[in-house]
Amino acid sequence: MPFERPEIIRPPSEWRSYYLPLTSGCSNNTCTFCNYYGSKLRMRELSGVKEEVDALALYHQHGIRLPGISSIVYAIARDWDGRRIFLQDGDALVYPFPRLKEVLEYLNEKFPSLERVGSYATPRDLLRRSVDELKTLRELKLGIIYMGVESGDDEVLRKIQKGTDSHQIVKAGRKIKEAGILSSVTVILGLAGIEGSEKHALATADALSDIDPDYAGALTLTFVPGTPLYQECQEGKFHPISPFNSLEELKMIVENVNFTSCFFSSMHASNYFSIRGTLPHDKEIMLKQLERILERRDPSLLRPEFLRGL
Ligand code: SF4
């Protein structure tokens, strides 16, 4: 079956990148809240990847379009500056190591101005790789890996069918750092519902501290139709937290997390209120912002529901 190009889902910080699919779907498609739930993982043939890279190089360097190449390639390439590439899809790091290495070598050969390649990875992908393999990829400009932590609470991780426990997630996150690659991780406010809220926030702060990433982002749980968690919520089996509860969780995380130096934000469109700063340096300012909003409890200070995004 021919490889079908996946929809572009990427971290906000990759807005300047060219999006190059190596896979579609996610190898760990069981997470009950995720829009990749139930997706089928497909690996793209190396020849297809190279064909796209050749077309991209020709267009980027000479403005020449080749027949038979998807118009999306040229649409993305139009404003691309040749510096950053993001490998799609849900966990492109699952792509077999020899082939991944070959893709990176090819990108380096074709784009001398390439500065950084980024990819999502599941904790399992990272546990499967040795630090030496990751270092090899870093030398080939794999400069940042995005990994979903979701929660540090094993009970929550089990319920959402993450497929890994907090210990494994921390180990995977630390491996990124050990290889000298920038680590960017995300956690999800509200993932434990009302009942598990505090435990989730505190355990998540602990897991984040143990990983000690370069970047950490908080997202707020959004119910995606078609996922098991959406269904549970519809049936009244999962009790979602309120927008202000999500800020209480955020405050607990900021209060309890212990980083060396991490850019921490809740800028993602799913959140009701945005804070950002470098922790621990900006801890007091960030906590004050949250305290102020939690004291006033004024809904008009929150992002309206219709403006929230995934
Ligand atoms: S591992 Fe990540 S991308 Fe894959 S299903 Fe789980 S949350 Fe979604």
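As the structure lists them, so they are numbered: ligands from 1, and atoms in each ligand from 1.
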*Looking at Tyr272, is Arg308 sitting on its ring face, NZ or CZ under 6.0 Å from the six-membered ring centre and within 45 degrees of the normal?*
yes
*How does Asn28 reach ligand 1, by side chain, by backbone, by both or by neither, if only non-hydrogen atoms under 4.0 Å count?*
both
_With a heavy-atom distance limit of 4.0 Å, tell me whether Tyr37 approaches ligand 1 through its side chain, its backbone, both, or neither._
neither
_Between Glu155 and Lys159, does any side-chain N to carboxylate O distance fall below 4.0 Å?_
yes
*Minimum-distance protein heavy atom relative to atom 8 (Fe) of ligand 1*: Cys34 SG, 2.3 Å
*Below 4.0 angstrom from a heavy atom of Thr122, which ligand 1 atoms are there? Numbered from 1 as shown, please.*
1 (S)
*asked:* Checking a contact table here: which protein heavy atom is nearest atom 2 (Fe) of ligand 1, and how many Å away?
replied: Lys162 NZ, 4.0 Å
*Taking only heavy atoms of Phe33 into account, list the atoms of ligand 1 that are under 4.0 Å away from them.*
7 (S)
*Provide, to 0.1 Å, the distance between atom 6 (Fe) of ligand 1 and the closest protein heavy atom, together with that atom's residue and name.*
Cys31 SG, 2.3 Å
*asked:* Would Tyr18 and His60 count as a side chain to side chain contact (heavy atoms under 4.5 Å, CB included) here? Give the steps.
replied: CA-CA 11 Å; Tyr18 181 82; His60 183 66; over 6 Å; no
_Val224 side chain near Phe33 side chain, heavy-atom distance below 4.5 Å_ = no
*Does Phe86 have its ring centroid less than 6.0 Å away from the ring centroid of Tyr120?*
yes
*Relative to the heavy atoms of Glu150, which atoms of ligand 1 are at a distance of less than 4.0 Å?*
7 (S)
_Worked check of side chain to side chain contact (heavy atoms under 4.5 Å, CB included) between Ile144 and Glu14_ = CA-CA 10 Å; Ile144 187 162; Glu14 293 289 334; 3.7 Å; yes
*Under a 4.5 Å cut-off applied to non-hydrogen side-chain atoms, are Leu126 and Leu134 in contact?*
yes
*Starting from atom 3 (S) of ligand 1, locate the nearest protein heavy atom and write down its residue, its atom name and how far away it is, to 0.1 Å.*
Tyr36 CD1, 3.6 Å
*asked:* Under 2.8 Å from atom 4 (Fe) of ligand 1, is there any N, O or S atom belonging to Cys26?
replied: yes
